[in-house]
Asks: 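Okay, here's the structure, questions in a sec.
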Amino acid sequence: MVYRPMLVSEAAQHFWEACQNRRLEMPQCANCGRLCWYPQPVCPNCWHDRFGWVELSGRARLYSYTVVHRAFDSNFTDAVPYLSAIVEPVEDDRARLVSRLVDCSPDSLVIGADLALTFTEEDGIVYPFFSPAR
Ligand SMILES: [Zn+2]
């Protein structure tokens, strides 16, 4: 896969820089502690506007997934089929992250299953993917 993350905001840049150092980080509300993903100007829980970045454990649960058979972008042509998923970090299941599932087949997946973060480097970029927890 040759896909370059778009660093269109300071928040996206922080997220991807953390991934390159093999850390999964999310913004956390300085007032109520809620993880806020995607990055937003105010907390959706308490409307506070100050955040700090926190490193997550990498443990998550499978909220939903789909098998992508047709590339929506020519950069993904070599990657199909692949598993696209929405995962919930165990630290806060309201902060759902879109990622990919690796090292598994769709037949073995169960909604709510425990997942583990696995960093995958492709073309010099480290991506935060997930696989079933062992
Ligand atoms: Zn808050």
Asks: Give, for atom CG of Leu117 and atom CG of Leu56, the distance between the pair rounded to the nearest 0.5 Å.
Replies: 8.5 Å
Asks: Under 4.5 Å between side-chain heavy atoms, hopping through other hydrophobics if needed: is there a path connecting Val102 to Val67?
Replies: yes
Asks: Give me the atom names and distance for the closest heavy-atom approach of Ser84 to Val68.
Replies: CB-CG2, 4.0 Å
Asks: Which atom pair, heavy atoms only, marks the closest approach of Leu24 to Pro128?
Replies: CD1-CB, 4.1 Å
Asks: Is there a chain of hydrophobic side chains (I, L, V, M, F, W, Y, each step under 4.5 Å between heavy atoms) that links Val42 to Met26?
Replies: no
Asks: Working note: Arg34 + Glu91, criterion salt bridge (charged side-chain N to carboxylate O under 4.0 Å, His left out); need CA distance, chi angles, decisive distance, verdict.
Replies: CA-CA 9 Å; Arg34 179 178 173 162; Glu91 289 86 351; over 6 Å; no
Asks: Under 6.0 Å from the CZ atom of Arg59, do we count more than 12 heavy atoms belonging to anything else shown?
Replies: no
Asks: Does any non-hydrogen side-chain atom of Asn45 lie less than 4.5 Å from one of Cys29?
Replies: no
Asks: Are Val110 and Val90 linked, directly or through other ILVMFWY residues, by side chains that come within less than 4.5 angstrom of each other?
Replies: no
Asks: Determine the interplanar angle of the Trp53 and Trp37 rings, folded into 0 to 90°, and report it as parallel if under 30°, tilted if 30 to 60°, perpendicular if over 60°.
Replies: perpendicular
Asks: Rounded to the nearest 0.5 Å, what separates atom CZ in Arg61 from atom CZ in Arg96?
Replies: 11.0 Å
Asks: Verify, without hydrogens or angle tests, whether Gln20 (side chain) and Trp16 (backbone) share a donor-acceptor contact under 3.5 angstrom.
Replies: yes
Asks: Can a donor-acceptor pair be found, under 3.5 Å and without considering hydrogens, that links the side chain of Asn21 to the backbone of Arg23?
Replies: no
Asks: Treat each ILVMFWY residue as a node, draw an edge where side-chain heavy atoms are under 4.5 Å apart, and state whether Ile111 and Ile86 are in one component.
Replies: no
Asks: If you take all heavy atoms of Ala95 and Pro89, which pair is closest and at what distance?
Replies: O-CD, 2.8 Å
Asks: State whether the number of non-hydrogen atoms from other residues, nucleotides or ligands found under 6.0 Å of Tyr63 atom OH is greater than 12.
Replies: no
Asks: Quick one: pull up CG in Leu101 and OG1 in Thr118 and give me the separation to the nearest 0.5 Å.
Replies: 11.5 Å
Asks: If you round to the nearest 0.5 Å, how far is OG of Ser99 from OH of Tyr65?
Replies: 15.5 Å
Asks: Do you know which two heavy atoms are closest between Leu109 and Cys104, and how far apart they sit?
Replies: CD2-SG, 4.0 Å
Asks: Measuring from atom NE2 of His48 to atom SG of Cys43, what distance do you get when rounded to the nearest 0.5 angstrom?
Replies: 8.5 Å
Asks: Without swapping roles, check the side chain of Gln28 against the backbone of Gly33 for a donor-acceptor pair under 3.5 Å.
Replies: yes
Asks: Report yes or no: do Phe15 and Val54 belong to one cluster of Ile/Leu/Val/Met/Phe/Trp/Tyr joined by side chain heavy-atom distances under 4.5 Å?
Replies: yes
Asks: First locate atom CG of Leu97, then atom CD of Glu88, and finally report the distance between them rounded to the nearest 0.5 Å.
Replies: 11.0 Å
Asks: Check the pair Phe76, Asp78 against side chain to side chain contact (heavy atoms under 4.5 Å, CB included), reporting the backbone distance first and the verdict last.
Replies: CA-CA 6 Å; Phe76 288 82; Asp78 294 340; over 6 Å; no
Asks: Looking only at heavy atoms, which two atoms of Phe51 and Pro41 are closest? And how far apart?
Replies: CE1-O, 3.7 Å
Asks: List the steps and the verdict of side chain to side chain contact (heavy atoms under 4.5 Å, CB included) for Thr120 and Arg100.
Replies: CA-CA 10 Å; Thr120 302; Arg100 277 178 44 188; over 6 Å; no
Asks: Taking all atoms of both residues into account, what is the closest heavy-atom pair of Arg134 and Asp103, and its distance?
Replies: NH2-O, 3.4 Å
